[in-house]
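I have placed the structure first, in the form of structure tokens, so that the comments after it can refer back to it.
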Amino acid sequence: FARAERDLRAARPLGAAAKSFYEQAEVSSDKEAPKELLVAMTSDRGLAGAVHSSINKQIRAELHEKIAAGQDISNVKIICVGDKSRAFFQRFFASNLIMVGSEIGRLPPQFGDAAKIANAILTCGHEFDTGKLVYNYYKSVVSYDTTSIPIFSQETVANSEKVTVYDSLDADVVQSYMEFSLASLVYYTLKEELPLNRAQG
């Protein structure tokens, strides 16, 4: 458990750096009905309690809010990272669920694991404009905040006004950065989950 906390402290700067790029570049989609991707960052480990269900409930609340506003949610897709969210979304949003990654959280996450998850997100078949990784921010053994990190497609980033001022940023450079930054964000969120999963057993 102590190791999980140490690993998390080391991973947080990686997540902060990747988040900072999107904030500084002011990346956003101006499409009227952008395709969205919601990624539930849970795991296979830990008790099926509040830690995992809070992520599921936050995504459900967001989708219900869209429905209440008269929006079509058929362009919103869900990926479950970890088996703990599979049953929930198969029950409530089966038509929106496109992928489930299992064997998550049983062992301490490595960057290579995050890269595989990031690649699965980028090649999931849903060409999203915007999205988010929904995860639990670890505060202590008994305290966490359910929050999210925005993610964007390569096209959305490449067309961002502040990004287009850099002449040297061709499509290959943007693609390479997108792959690395998404893997970094996934790795970071996996590390945030680990102490909570260890605490739950």
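Values below: all heavy atoms of this structure, side chains included; hydrogens, waters and symmetry mates excluded. Residue numbers count from 1 along this sequence. Bear in mind the structure is a predicted one, so any value in this text is a computation, not a measurement.
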| query | Going by heavy atoms in the side chains, are Glu36 and Asn75 under 4.5 Å from each other? | reply | no
| note | Value for CD1 (Ile67) from CD1 (Ile73), rounded to nearest 0.5 Å, stands at 4.0 Å
| query | Taking all non-hydrogen atoms of both residues, which atom of Tyr187 and which atom of Phe111 are closest, and how far apart? | reply | CE1-N, 3.5 Å
| message | I need the Tyr137 OH to Thr146 OG1 distance, nearest 0.5 Å. | response | 13.5 Å
| task | Would you mind reporting whether Asp129 and Phe152 have side-chain heavy atoms less than 4.5 Å apart? | result | no
| So which heavy atom on Cys124 is nearest to which on Ile98, and how close? | SG-CD1, 3.8 Å
| query | If every non-hydrogen atom of Leu37 is compared with every non-hydrogen atom of Ile78, which pair is closest and at what distance? | reply | CD1-N, 4.4 Å
| task | Check the side chains of Gln58 and Glu62 for a donor-acceptor pair under 3.5 angstrom, ignoring hydrogens and angles. | result | no
| Can you tell me how far OG1 of Thr147 sits from CD of Glu192, rounded to the nearest 0.5 angstrom? | 10.0 Å
| said: Within the supplied structure, the quantity of interest is the number of heavy atoms (other residues, nucleotides, ligands) at a distance under 6.0 Å from Gln71 CD; does it exceed 12? | reply: yes
| So, do Thr42 and Arg86 sit near enough that their side-chain heavy atoms are less than 4.5 Å apart? | no
| said: For the backbone of Val76 and the side chain of Asn96, can you confirm whether one donor and one acceptor N or O come within less than 3.5 Å of each other? | reply: yes
| task | Check whether any side-chain heavy atom of Ile149 lies under 4.5 Å from a side-chain heavy atom of Tyr188, and answer yes or no. | result | yes
| said: For Phe93 and His64, take the angle between the two ring planes, folded into 0 to 90°, and tell me which bin it lands in: parallel under 30, tilted 30 to 60, perpendicular over 60. | reply: tilted
| Quick one: are Ser85 and Ile55 in side-chain contact, heavy atoms under 4.5 Å? | no
| message | As an exercise, state the distance from NZ of Lys35 to OG1 of Thr130, rounded to the nearest 0.5 Å. | response | 12.0 Å
| Arg60 NZ/CZ over Phe92 ring centroid, <6.0 Å and within 45° of normal | yes
| query | Relative to the ring of His126, is the ring of Phe128 parallel (under 30°), tilted (30 to 60°) or perpendicular (over 60°)? | reply | parallel
| remark: Separation between CG (Leu190) and CD (Gln110), nearest 0.5 Å, reads 10.5 Å
| Closest heavy-atom contact between Ala40 and Ile59? | CB-CD1, 3.8 Å
| task | Can you measure from NZ (Lys132) to CG (Leu38) and round to the nearest 0.5 angstrom? | result | 6.5 Å
| said: So, applying side chain to side chain contact (heavy atoms under 4.5 Å, CB included) with Met99, which one of Thr123, Ile121, Val81, Ile79 is it? | reply: Ile79
